[in-house]
Each structure stands twice: as structure tokens, then as C-alpha cells.
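Just follow the structure's listing: the first ligand is 1, and inside any ligand the first atom is 1. These numbers come from a predicted model, not from an experiment. Starting from 1, each residue takes its place in the sequence as its number.
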Amino acid sequence: MTYPFWMPCLVVHGGAGEPPMTERAERQAAVERGLECGWRAMERGAMEAVLAAVRQLEDEPSLNAAVGACLNRDGEIELDAALMEGGELNVGAVGAVKDVRHPVDLARAVMEDGSHVLLTGEGASRFARQRGVETCDPEVFMTDRQLRNWWEAGDTVGAVAFDDRGRTAVAVSTGGTYRKWPGRLGDSPLAGAGFYAEDGMGVACGTGVGEGFMRLCLCHLAVMEMGHGMPAPEVASKAVDHLARRVGGSGGVILIDAKGVPAAACNTSFMSWAKRVG
Ligand code: GLY
């Protein structure tokens, strides 16, 4: 079978928010490393590219995912992650996991199993152990910086990809919001809110305080707008305007439209992101 050739594209972000100026260069450098890892995997398709990118970002202590994730009000880390492929609309997601080394790997195992879309908490950890997904001591995720700052957050890491067959995929991972209530889930493990992909329409990933994305189903809305012909840069800027105006939300989005055109926008003072096309 022959496929039409498309120009591959990968967009990666390391979160939108108001981090101290002193941390911004470090976060951008972390995102560039994620982009490199993802791009190296692009020859194996959009899904492998977003997984490789987000796995790397989960290891970056300056970003709010896995190692370096923000703490909840009990001083613990609870991690959310998800991924979606735009062909069959398969989704795997996990929420509030404490001991899974790479939450995006567990999201993949949930997606590949196919019985469920979203697993949370202890049940998700049990599923990880049953499937041979690496678990760890939660201390692995703690850094001096988190313990010092108890950090502002609501940011996320994520990646969207469009491969040379026009296939779309998205992956996302986060520690959620600073001082969140234990058990709180944000937009990141919720399809349509924090991420969405549909081949022939586009792919989107959000970052910021998740409650606004959840109330608006913002990433689904963005993909539908791209699918109905609105250019990706216009969708990105309208999405973050809508977030601010309609629900007072803050954050950013990264997108790729159905022709492989990337875009990004935020309504915060900073979002670390990077893209590669070609
Ligand atoms: N966007 C990350 C969260 O609100 O959990």
C-alpha cells in the first residue's frame, strides 16, 4: 500500500505560567532536549515521537512532570499522564499515580490494553505492576527545588506530532497544580480537555490550570475548529483568548492542523516550547 507523503512535524512544550525569570532559560533548554528525543523517534511514527519526547520531559527536574513535579497540599506528588492517536481515536490515561517512574509509559499500557481509557490511584499502580511498567519510590520525583519552593504550577509537559503519513498523536504528563487537593485530576488525563487528536482534523495539547480546559473541553474544540478549516495560528490564539474570557483561565496550547501546520499560543507571560518540521 502506498501513502501520500506529508512533511512530518513535532511540537513540544514544557508548560505555560509565570515562572521566575531565572528558571526560564533552563526550562527552554529542557524542552529542546525533549524535542531532540522526539524527533529521533519520528521515523517510527507520530506516536513514538510524542512518547519519546514526553518521556524525556518527565526526567527534566525543571519541569512539572514526574521528576520535579509539584507537590499537593499533603506534600506528596500525584502524577497524571495521557496519550492519544488520531487514527482510531485510541486513548490511554492515568491519574493521581504516586509510584510510576514514567506515567506516560503507563498511559501507553492502558491504551494498548484497550479495556479502559483512564485508570487512577492505587488501581493504576497495580495495573503498572501487572504489566511490567516500571514503578519506583516516590522519593525519586522529589528535588531540592520543590522542597524549597513548593512552587507555583499548573503547567504540564506535552507533545503533538504529525508524521509523514499524516497520522497525528499527542502525549501529556503533569504533576498538576501546586497545593492541589489530594485526588484532584486536572485536564491532562482527560481526552478533549487537555489533549485531543483526530487524523484529518488536527491535534492539540494544553498547558495551564486545568479546570478551565476541563470546563471548555478546549482541546477538542481546537481540533474541531482546525478540522473545519480555521488556520492553526488563528485557532491557537483564539483558544487562549476564549480560555481567558469565558472562564478566566490561564495557559497555553500547542497544535498541528490537518495539513501539518504547527502553532502555539499562551495567555501567560511565558511558555517554553519548540518545534521541528521537515
Ligand atoms: N494542566 C495541568 C493541570 O491542571 O493539572
Notebook entry, point to check: Between atom CE of M84 and atom SG of C205, what is the distance when rounded to the nearest 0.5 Å?
Noted result: 12.5 Å
Checklist line | From F5 atom CZ to D164 atom CG, the distance as rounded to the nearest 0.5 Å | finding: 5.5 Å
Check: Should R184 be counted as touching ligand 1, given the test is an N or O pair under 3.5 Å?
Finding: yes
Check: So is T207 in contact with ligand 1, going by heavy-atom distances below 4.0 Å?
Finding: no
Next item on the list: Using a 4.0 Å heavy-atom cut-off, say whether M214 meets ligand 1 through its side chain, its backbone, both or neither.
Entry: neither
Note to self: I need the atoms of ligand 1 closer than 4.0 Å to a non-hydrogen atom of G208, numbered in the order shown.
What the structure shows: 1 (N), 2 (C), 3 (C), 4 (O)
Item checked: R24, CZ atom: more than 12 neighbouring heavy atoms under 6.0 Å -> yes
Next item on the list: Answer yes or no: is there an ion pair linking E122 with R129, defined by an N-O contact shorter than 4.0 Å?
Entry: yes
Notebook entry, point to check: Are any of the N/O atoms in D187 less than 3.5 Å from those in ligand 1?
Noted result: yes
Checklist line | Whether G194 lies under 4.0 Å from ligand 1, heavy atom | finding: no
Donor-acceptor pairs under 3.5 angstrom involving side-chain atoms of residues 249-258: please list them, not counting sequence neighbours.
unit_1, atom_1, unit_2, atom_2, d
D257, OD1, K259, N, 2.9
D257, OD1, G260, N, 3.1
D257, OD1, V261, N, 2.9

Margin query: So if I count the atoms of ligand 1 from 1 in the order they appear, which ones are less than 4.0 Å from some heavy atom of G186?
Written below: 5 (O)
Check: Just wondering, more than 12 heavy atoms not from E88 lying within 6.0 Å of its CD?
Finding: no
Below 3.5 Å, can you tabulate the donor-acceptor pairs from side chains in residues 213-238 to any protein atom, sequence neighbours excluded?
unit_1, atom_1, unit_2, atom_2, d
H228, ND1, M224, O, 3.0
E234, OE2, K238, NZ, 2.9

Margin query: Out of all atoms in ligand 1, which are within 4.0 Å of some heavy atom of T156? Include the element for each.
Written below: 1 (N), 2 (C)
Next item on the list: Heavy-atom contacts with S188 under 4.0 Å: which atoms of ligand 1 show up? List them by number with element.
Entry: 1 (N), 2 (C)
